[in-house]
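Here is the naming used below: chain letters follow the sequence lines, and residue numbers restart at 1 for every chain.
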Amino acid sequence: MFREVYRRLYDCFGAQGWWPGEGPFEVMVGAVLTQNTAWRNAERALGRLRRAGLLEPRAIAEADSARVAAAIRPSGCFNVKTRRLQALSRAYLSWGGRQGMATMGTGDLRRALLRVHGIGRETADDILVYAFDRPVFVVDAYSRRIFERLGLLEGGERYEKVRRDIESVLDPDPALFNEYHALIVQLGKTVCRPLPDCVACVLRDLCPTAESPAAGR
DNA sequence: GCCCAGGTGTTTC
DNA sequence: GAAACACATGGG
């Protein structure tokens, strides 16, 4: 069923071509900047970092935190995110950069990322998929809501369970997981706004047998 | 003015 | 563990 949802979303929206970013490190920075933040604002912050010469691990790690904070201001929570970016940059360097990380197994890399201050499950999985091409499903509020509505999730499941359940029935194809999360976000942006209810219309197409709407909120 | 956005850490029960 | 809260800007 998760395959079918994917297929329909892909037919409907086409390839999303995520992640908009230049290399692994930039993707990682973007993943932190977009936490609880619209991508548009994360993008602004990214541009300002670049213009300030701060879009490199060593530059961020060694810069005065006030400078980093000023650069990423448009993405909100800038003091919090500054600490996170500096921690992530130091970790990135300590792991031997993109090469070092590329040689690590997905499980090890995930555990390493989760130990970094400010990198939670969703951000870690964003990084695994979009910076290092690992076949990992990114669980977010949209995917939960959509799958719950389709009856594929009960609601209230833990992050890890959702992730494993979905990964276990899909081919471990990095490109597929890359598109899947992007398509769900696309669906969320175009249809699920305001969040709770209007998922329904797309879901009628996705799965005619799904429970009818109104249970929202 | 209020709610939300491609969350996470801390505190408290 | 789970719930409540802080973090903070920009758009609808």
Any side-chain heavy atom of A:Val136 within less than 4.5 Å of one from A:Tyr130? no
With rounding to whole Å, what would you report as the distance between B:dT8 and C:dG11 at their P atoms? 24 Å
Could you note down all residue pairs passing side-chain hydrogen bond (donor to acceptor under 3.5 Å, both in side chains) where residues 15-37 of chain A supplies at least one of them, sequence neighbours left out? A:Glu26-A:Arg50, A:Gln35-A:Arg84, A:Gln35-A:Thr123, A:Thr37-A:Lys81
Going by the rule side chain to side chain donor-acceptor pair (under 3.5 Å), which residues pair with A:Asp133 if we only count those two or more places apart in sequence or in a different chain? none
Which pairs, protein N/O on one side and nucleotides 11-13 of chain B N/O on the other, fall under 3.5 Å?
none

By salt bridge (Lys or Arg N to Asp or Glu O under 4.0 Å) - contacts of A:Arg111 (at least two apart): A:Asp108
Suppose you measure atom P in C:dC5 against the same atom in B:dC3; what distance do you get, rounded to whole Å? 14 Å
Quick note, side-chain hydrogen bond (donor to acceptor under 3.5 Å, both in side chains) partners involving residues 150-166 of chain A, not counting sequence neighbours, are A:Arg110-A:Glu160, A:Arg121-A:Glu160, A:Asp125-A:Tyr159, A:Glu160-A:Arg163, A:Lys161-A:Asp165, A:Arg163-A:Glu167
Non-neighbouring partners of A:Arg115 that pass salt bridge (Lys or Arg N to Asp or Glu O under 4.0 Å), sequence neighbours left out: none
Expressed in whole Å, how much space separates the C1' atoms belonging to C:dC7 and B:dA5? 14 Å
Expected string for nucleotides 1-9 of chain C under the B/S/- scheme (protein heavy atoms, under 4.0 Å, primed atoms plus P, OP1, OP2 as sugar-phosphate) is SS----BBB
For A:Leu93, enumerate each residue passing the side-chain contact (heavy atoms from CB on, under 4.5 Å) test, keeping only those at least two apart in sequence or located in another chain. A:Pro57, A:Arg58, A:Ala61
So which pairs with a foot in residues 66-80 of chain A pass side-chain hydrogen bond (donor to acceptor under 3.5 Å, both in side chains), sequence neighbours left out? none
Specify the residues of residues 113-132 of chain A, ordered by number, for which at least one heavy atom lies under 4.0 angstrom from an atom of DNA chain C. none
A:Ser143: side chain to side chain donor-acceptor pair (under 3.5 Å) partners, not counting sequence neighbours: A:Asp140
Does DNA chain B take part in any stems of at least 3 consecutive Watson-Crick or G-U pairs (both distances under 3.5 Å), and if so, which ones? B:2-5 with C:9-12, B:7-13 with C:1-7
Going by centres under 5.5 angstrom and planes under 30 degrees, do the aromatic ring of A:Trp18 and the base ring of B:dG6 stack? yes
